[in-house]
Student: 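After the structure tokens below, expect a handful of questions from me.
In what follows, every heavy atom counts, from backbone to side chain, and hydrogens, waters and symmetry copies are set aside.
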Amino acid sequence: MKTKAYKFIKRLIDRITSVSQSNNDTFVYYGQSVILQSGTRDFVSVTIKENEDVCSASIADFSFDFWTKKLIIDYAVNRELEKEIINSFRKFYNQINIKSKRHGNR
């Protein structure tokens, strides 16, 4: 069975970690609705929806602490997406702490 490619994730992580990107924002990125939430400038919680509708199902929920470099993956629709998120953060940060709470299958 062919797995879905998540090539947009690296570019999305690049945008999320950019200094100019607000940590409180909602936008459409490569056909996915992305919701960023934060109470501080050193932390962001990210929800990626399966299409442009913010009410659609989530394909990923994760957070990143820019100060401690801690990545917490609360949900990823499959292992391929979870690995893509982790590998993308590793490309931008030398050492990150990773905690994956769960992953689902559809």
Student: Please check if any side-chain donor atom of Ser56 sits under 3.5 Å from a side-chain acceptor atom of Asn51, or the reverse.
Tutor: yes

Student: Closest heavy-atom contact between Gln32 and Lys49?
Tutor: OE1-O, 2.9 Å

Student: Do any N or O atoms from the side chain of Asn23 and from the backbone of Arg41 form a donor-acceptor pair under 3.5 angstrom?
Tutor: yes

Student: Taking Ser58 for the side chain and Ala60 for the main chain, is one N or O donor matched with an acceptor at less than 3.5 Å?
Tutor: no

Student: Taking the side chain as C-beta and beyond, is there a heavy-atom pair between Ile16 and Asp14 under 4.5 Å?
Tutor: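 The answer is no; the side chains never approach within 4.5 Å.
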
Student: So do the side chains of Gln37 and Thr47 get within less than 4.5 Å of each other, counting heavy atoms only?
Tutor: no

Student: Checking Lys69 side chain against Phe66 main chain: does a donor-acceptor pair fall under 3.5 Å?
Tutor: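 Indeed, once roles are kept as given, a pair shorter than 3.5 Å links the two residues.
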
Student: If we ignore angles and hydrogens, is there a donor and acceptor under 3.5 Å between the side chains of Asn78 and Glu82?
Tutor: no

Student: Could you tell me which non-hydrogen atom of Ser63 sits nearest to which non-hydrogen atom of Phe43, and how far apart they are?
Tutor: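 So the minimum-distance heavy-atom pair works out to CB-CZ, 3.5 Å.
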
Student: Are Ile9 and Ile35 connected in the hydrophobic side-chain network, where two residues link if heavy atoms are under 4.5 Å apart?
Tutor: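 No, Ile9 and Ile35 fall in different hydrophobic clusters.
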
Student: Would you say Ile86 ends up clustered with Ile72 if hydrophobic residues are merged whenever their side chains have heavy atoms under 4.5 Å apart, either directly or through other cluster members?
Tutor: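 They do not share one cluster, since no chain of ILVMFWY contacts under 4.5 Å joins Ile72 to Ile86.
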
Student: Are Arg15 and Phe27 in a cation-pi setup, meaning NZ or CZ lies under 6.0 angstrom from the ring centre and within 45 degrees of the ring axis?
Tutor: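 Ring-cation test returns yes.
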
Student: Using a 6.0 Å distance limit plus a 45 degree cone around the ring axis, check whether Arg11 lies over the aromatic ring of Tyr30.
Tutor: yes

Student: Using a 3.5 Å distance criterion without hydrogens, assess whether the side chain of Thr17 forms a donor-acceptor pair with backbone atoms of Ile13.
Tutor: yes

Student: Between Phe89 and Phe62, what is the ring plane arrangement, given parallel below 30°, perpendicular above 60°, and tilted in between?
Tutor: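 If you compare the ring of Phe89 with that of Phe62, the planes turn out perpendicular.
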
Student: Can you find a heavy atom in the side chain of Val34 that is under 4.5 Å from one in the side chain of Val28?
Tutor: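 In short, these two side chains do not touch, never coming nearer than 4.5 Å.
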
